[in-house]
Amino acid sequence: MPELPEVETIRRDLASRIVKDKVTQVEIRDTKTVKNTAGSFRTLVVGKKVEDIDRKGKLLALELDSGQYILVHLKMTGQLIWKSKHKIVAGGHSFSDSACNFSERFTRLVLTFSSGGKLYFNDMRRFGYVKVVTKEEKEKVFANNFGPEPLTKEFTPEAFGKLFAKRTTNIKALLLNQKLIAGLGNIYVDETLFAAGIRPTRRANTITKPEIAKLYLEINRIIALAIKHRGTTFYSFVDCEGEKGSFVHLLKVYDRAGEKCAKCGGMVAKTRVAGRGTHYCPKCQK
DNA sequence: GTGTTTGTTATCAA
DNA sequence: CTTGATAACAAACA
């Protein structure tokens, strides 16, 4: 499940590899993945150079030298894998580094670049998508669909605190809402609530000022730490070289139901909150 | 065959 | 208009 730290890892790695490179070929293997018609996607992308890669929350935006953007959302099982020229064996369907777990079984789209490298969009579940949009559309999506993002100057304690005042929804649903805070998903919501000692079921307007302050700090701390560890690999997340993220080893509650709580030695519980599997310590989290 | 996994949106209700 | 709650989607795996 790529959340902010995973998508940021991909953004950084991919930018160092494909910025200033030009798309020479587009291979659409699954038309559902591409939100434009196949013909227009090809026309809008082939011959264009990637100028930069932007991101908001979990959404990537590849800026083209045409001024347009390729929006890329990985949803649950999407992957962006880069194979430079020297890693591609002639024919393009097998790779010199076969030890890595790359498979084209779920490849939905392949972009070939001037450098000879190829970018693979893999997505087992087919929730993810790519979509070419104008600069105006990209800016509208970034502005309207996302609240402030952790670790940015828009994410202030004041802005964060305001979210709680009149809301009666549970804190977990609030943190998962991308329009309120950009980038958190199921894993990091469970982890930040554990770190802050708050139960996922607590109503937002019952969270105290000190708890909000603590949660604010923990969100920034955990997201920064997870980026440093190149994200969490659960099912299918890998970076653009096919490598797993190591934050999975630092998870305190996610997928640890029945194990000992790292703080109190009690047992981590699992329930369902906001329609999602939810992990927490009944003793530490009030 | 069944239940489980989750990011996002549609839909309906209040 | 805002907010909230829930289902639905997709597909593989145990």
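Computed from a prediction, not measured in an experiment: that's the story for all the values here. Within every chain, numbering begins at 1; the chains are lettered A, B, ... in the order of the sequence lines, protein sequences first and strands thereafter.
- One interatomic measurement links the two molecules: NE2 of A:His279 to P of B:dT4, which rounds to 12 Å at whole-angstrom precision.
- Between A:Glu8 and A:Arg55 there is a salt bridge, with a side-chain nitrogen of the basic residue lying less than 4.0 Å from a carboxylate oxygen of the acidic one.
- A cation-pi contact, defined as under 6.0 Å to the ring centre and within 45° of the axis, links A:Lys138 to A:Tyr69.
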Determine, step by step, whether A:Tyr216 and A:Phe155 satisfy the ring pair (Phe, Tyr, Trp, His ring centres under 6.0 Å) criterion, reporting the C-alpha distance in whole Å, the side-chain angles of both residues, the deciding distance to 0.1 Å, and the verdict. CA-CA 9 Å; A:Tyr216 174 84; A:Phe155 187 62; 4.9 Å; yes

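- With respect to the salt-bridge test (charged N to carboxylate O, under 4.0 angstrom), the residues A:Asp54 and A:Arg11 do not qualify.
- For residues 276-286 of chain A, the pairs satisfying side chain to side chain donor-acceptor pair (under 3.5 Å) are A:Lys172-A:Thr278, A:Asp190-A:His279, with sequence neighbours left out.
- Under the 4.5 Å side-chain heavy-atom criterion for Ile, Leu, Val, Met, Phe, Trp and Tyr, A:Tyr188 and A:Leu59 are members of distinct hydrophobic clusters.
- Distance A:Met1 CE to B:dT5 P: 10 Å, rounded to the nearest Å.
- Across C:dA12, B:dT6, B:dT9, the shortest atom-to-atom separation from the side chain of A:Asn145 is found for B:dT9.
- Atom CE of A:Met124 is separated from atom C1' of B:dG7 by 14 Å (rounded to the nearest Å).
- One finds no side-chain N or O of A:Thr77 lying less than 4.0 angstrom from the OP1 or OP2 phosphate oxygen of B:dT5.
- Side-chain to base pairing of A:Arg167 with C:dG4: no donor and acceptor N or O lie closer than 3.5 Å to each other.
- Counting any heavy atom pair closer than 4.0 Å across all strands shown, A:Lys58 reaches sugar-phosphate atoms only and no base atom.
- Contact annotation: A:Tyr254 reaches the phosphate of B:dT6 (side-chain N/O to OP1 or OP2, under 4.0 Å).
- When the P atom of B:dT6 is taken as reference, atom CG of A:Leu74 falls 17 Å away, rounded to whole Å.
- Salt-bridge annotation for A:Glu137 and A:Lys140: absent, with no side-chain N of the basic residue lying under 4.0 Å from a carboxylate O of the acidic one.
- For the pair A:Arg203 and C:dA5, the criterion of a side-chain N or O lying under 4.0 Å from OP1 or OP2 is met.
- You'll find that the side chain of A:Arg272 is closest to B:dT5, out of C:dA12, B:dG7, B:dT5.
- A:Gly128 comes within 4.0 angstrom of nothing in the nucleic acid, heavy atoms only.
- Within residues 175-184 of chain A, the residues that have a heavy atom under 4.0 Å from DNA chain B are, in order of number, A:Gln178.
- For A:Arg125, no side-chain nitrogen or oxygen approaches OP1 or OP2 of C:dA8 to under 4.0 Å.
- Rounded to whole Å, atom P of C:dA11 lies 7 Å from atom CZ of A:Arg108.
- A:Arg105 comes within contact range of the sugar-phosphate backbone alone, with a heavy-atom separation under 4.0 Å but no base atom that close.
- Rounded to an integer number of Å, the gap from A:Arg276 CZ to B:dT8 P is 10 Å.
- A:Ile187 places its CD1 atom 7 Å from the P atom of B:dG7, with the value rounded to the nearest Å.
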